[in-house]
Amino acid sequence: MSSTASARPTLLQRIGNLGAARVSRWVRKRQGQETLPVTLRAKRLYILPTLTGITYGIVVVAMLLGSMNYNNSMGFALTFLLAATGLVAMHRCHQNLSGVNVEQASAGHAFAGDPMTFTVVLSETGQRTKYDIRASLDGSVSHAHDIEPGLATSLSVAIPTIKRGILSLPRIGLSTRFPLSLLRCWVWIYADQKALVWPRPASDAPVRPKTHTDQSGADKGRGEEDFAGLRDYQRGDSSRRVAWKAFARTGDMKTRMFDGGSLSTTWIDLAATSAADIETRLEVLCRWIIDAHDAGERYGLRLGDTIVEPAEGLAHRNACLDALAVFGESSA
């Protein structure tokens, strides 16, 4: 009972969330949809003092009152010096973000439950270096980067994923606290970015049925067990292909690669799965696709009316996983 009550938002939290939602709607209406690239102009930037800046201001006011009370000229001089420093910091902080050009924004791929890397490419249109620029997305913040004139700089943000499907990315935030961290200047960009989240590969998938079709004329008759080398382990690789001896010797996780052997076509079909839950069936297909790719097979994918023609390679694997990610989205 107490845990349920503690999980409920307090009155102040509800008021804060309501205020944040109103501000977000106002900003979205004010800025509208944007197409990249876009240059950040001064009129669209927002700036407010940080907690450090608020404390700094309170100290300056207290020093001013004390100087007035004791008529202390040295106190006045120090107070005005600190106040002027704060004003210069405010101007410099606002100027530090103005003129930055947002070239492009893109998302990588991720399996459900894994973080997805979102990258924003920035450049400086003027001749002055921009310092301590951060990107934020869905509560995640990147490391601070400096932007040199004439050079493109990439800021990466890792955002969490929960389930497979089309991930609509919220507004992109860019901010800086340079110099002195007394103020925070920021901007929001609404670029309507989307990304695909693949199903999580099943850990206990059944054996994939062999549904070979006619042989390709390019068949060279090589066996499927022709060892081709090692590559770095990637999430979703079959544990049967992990080079455990090399891992025990070096501590680096490697995956064994094999030549494809026969170029007969294998079909990976949704109808070949027997689980009742559609998400479980897609996870099984995800595992089969990864295993077929690691084995160097030529395979195709059937998802009801959706068919991915047989092919090989990483691009084909990603195309099949993309088809799994969007399966059922159009009809939902």
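Note that the numbering runs from 1 along the sequence shown for the chain. When reading the values below, keep in mind they use all heavy atoms of this one structure, side chains included, and skip hydrogens, waters and symmetry mates.
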Can you tell me how far CG of L183 sits from OG1 of T50, rounded to the nearest 0.5 angstrom? 6.5 Å
For G113, is there any backbone N or O sitting under 3.5 Å from a side-chain donor or acceptor partner on T161? yes
Judged by atom type as modelled, is there a donor-acceptor pair below 3.5 Å linking the side chain of R281 to the main-chain atoms of L270? yes
Given the side-chain rings of Y299 and H293, with only the six-membered ring counted for Trp, is the space between their centroids under 6.0 Å? no
Side-chain touch I133/N96, heavy atoms, less than 4.5 angstrom: yes
Hey, does R164 have a side-chain heavy atom less than 4.5 Å from the side chain of L324? no
Looking only at non-hydrogen atoms, find the nearest pair between R171 and L137 and report the distance. O-CD1, 3.4 Å
Mind listing the closest non-hydrogen atom pair of I162 and A112 along with its distance? O-CB, 3.9 Å
Do V38 and I147 share a hydrophobic cluster, counting only Ile, Leu, Val, Met, Phe, Trp and Tyr and linking them when any side-chain heavy atoms are less than 4.5 Å apart? yes
When hydrophobic residues are tied together by side-chain contacts of less than 4.5 Å, even through go-betweens, does Y56 share a cluster with F178? no
Of all residues at least two apart in sequence or in a different chain, which pass the side-chain contact (heavy atoms from CB on, under 4.5 Å) check with S67? F76, T79
Parallel under 30°, tilted from 30 to 60°, perpendicular over 60°: which one fits the rings of W198 and H109? parallel
